[in-house]
Protein chains: 2
Amino acid sequence: MAAESHAKQSTVTRVDDVDLDVLEDTLSFFIRSLNLAVSRDLDARLDGLDVARGTGKVTALFLIGRHPGIRPSVIAAAAMMDRSAIGRVLDGMERHGLVRREPDSEDGRVQALFLTEAGETLAAEVRAIVRESRAFFHDMSDSEYAQVVDLLRNIYWRIVKSHSGRG
Amino acid sequence: MAAESHAKQSTVTRVDDVDLDVLEDTLSFFIRSLNLAVSRDLDARLDGLDVARGTGKVTALFLIGRHPGIRPSVIAAAAMMDRSAIGRVLDGMERHGLVRREPDSEDGRVQALFLTEAGETLAAEVRAIVRESRAFFHDMSDSEYAQVVDLLRNIYWRIVKSHSGRG
DNA sequence: CAAAACTAGTTGACATCGTCCATTACATTT
DNA sequence: AAATGTAATGGACGATGTCAACTAGTTTTG
């Protein structure tokens with residue numbers, strides 16, 4: 001479909017002139033490399049806020065805030081992470097006094113997660129910052145932004161659901 | 001713009017019913033979490049091929065193949081990575097006999113990178129596999145896929161260029 | 001020509017992350 | 001009561017990205 005300029009090779013000195021080969025039309029490449037840029041940007045905005053570094057903390061903060069009593073495994077699934085990884089994230093957040101873990105009343109294996117006062121406050125701060133992170137994509141129009149979000153959101157939910165159904 | 005259902009909280013047991021709060025309309029969230037899923041998928045496809053794990057190896061392979069004599073710092077910029085990180089990636093590829101490093105004839109500080117025979121062969125294999133990775137997004141139509149790629153590609157190049165221009 | 005400033009690449013230290021595996025505790029099924 | 005399955009924890013491991021310090025070569029400046 002796309003223009004496959006697969007012919008000549010040439011040495012380059014500046015990134016601007018680089019040819020990415022197949023990667024030029026590969027969504028996963030852009031997701032993977034933009035992930036680095038986006039994470040750096042978010043980390044900078046969240047600097048000093050107890051939730052910097054990693055997608056897990058922010059996701060956990062919002063999910064617990066929105067669904068008090070939620071269990072760790074649900075957060076793991078939504079963040080596309082391992083249960084043990086989320087466990088460690090929660091350890092850190094508990095240590096920082098953001099999260100409280102209680103045994104679930106119905107199921108003894110399960111933990112129920114709640115935000116502390118500090119957690120609620122932080123969630124509000126972070127919510128504002130996350131909204132501001134839209135600025136990183138300042139050269140996209142609102143409709144373009146909404147378009148990409150819609151398409152990626154669909155993929156996201158398909159994957160999340162397919163992993164919750166089976167294995 | 002988007003439906004902000006910011007009111008009620010409720011406990012959930014399944015991921016399917018989860019409300020992501022602001023993240024639901026946040027591009028960086030989907031990029032960050034899809035990055036994990038996409039990387040897992042690619043790693044599985046590349047299993048055993050000397051380039052599994054990490055975006056760096058694949059990017060380096062294609063860039064060197066396309067631009068023989070390219071320098072490490074250009075690859076670093078294109079992969080949105082640190083120069084030192086790329087250096088380590090190249091160490092590994094050199095150890096695996098995929099890449100050759102030569103001193104640049106014009107500038108003594110600079111290295112010129114080339115693929116070995118094995119590198120060329122691998123690049124061809126990986127090119128095919130990367131094309132197949134389109135299957136991961138099988139529930140997107142070709143036009144939707146092209147749409148997202150176009151939009152993300154623009155952002156990608158803006159960031160790459162802005163980082164090459166200044167600091 | 002000499003000193004200063006800059007650039008390319010390497011190296012080591014460090015924190016984080018994701019994965020794998022074993023273990024404990026509890027539930028549900030039979 | 002026994003077996004199977006699920007929730008969470010903990011340790012070990014490898015890979016990754018970042019930062020700062022260092023070497024070496026180049027360009028600029030006076």
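In this text, all values refer to a predicted model and were calculated from it rather than measured experimentally. Chain naming here is simple, since letters A, B, ... match the order of the sequence lines and numbering starts at 1 in each.
Where A:Arg71 and B:Ala85 each meet DNA chain D at their nearest nucleotide, the meeting point lying more 5' is that of A:Arg71. Comparing A:Lys57 and A:Arg109 along DNA chain C, the residue whose closest nucleotide (by nearest heavy atom) sits nearer the 5' end is A:Lys57.
Between B:Tyr145 and B:Phe137, the ring planes lie tilted relative to each other; the angle falls in the 30° to 60° range.
Residue B:Ser73 places at least one side-chain N or O closer than 4.0 Å to OP1 or OP2 of C:dG9. For the OP1/OP2 pair of C:dT10 and a distance below 4.0 Å, the side-chain nitrogens and oxygens of B:Arg101 include at least one atom meeting the criterion. Side-chain nitrogen and oxygen atoms of B:Arg83 include none within less than 4.0 Å of the OP1 or OP2 phosphate oxygen of D:dC19.
The base of D:dG11 lies close enough to the side chain of A:Arg88 for a donor and an acceptor atom to sit less than 3.5 Å apart.
Set against D:dT9, C:dG9, D:dT18, the side chain of B:Gln111 has C:dG9 as its closest nucleotide. Side-chain atoms of B:Val110 lie closest to C:dA8 of the nucleotides D:dG17, D:dA7, C:dA8.
Salt bridge annotation for A:Asp21-B:Arg127: present, with a cationic side-chain nitrogen under 4.0 angstrom from a carboxylate oxygen. Between B:Asp150 and B:Arg153, at least one side-chain N (NZ, or NE/NH1/NH2) sits under 4.0 Å from a carboxylate O, which counts as a salt bridge.
Residues A:Ala77 and A:Val160 come closest through the heavy atom pair O-CG2, 3.9 Å.
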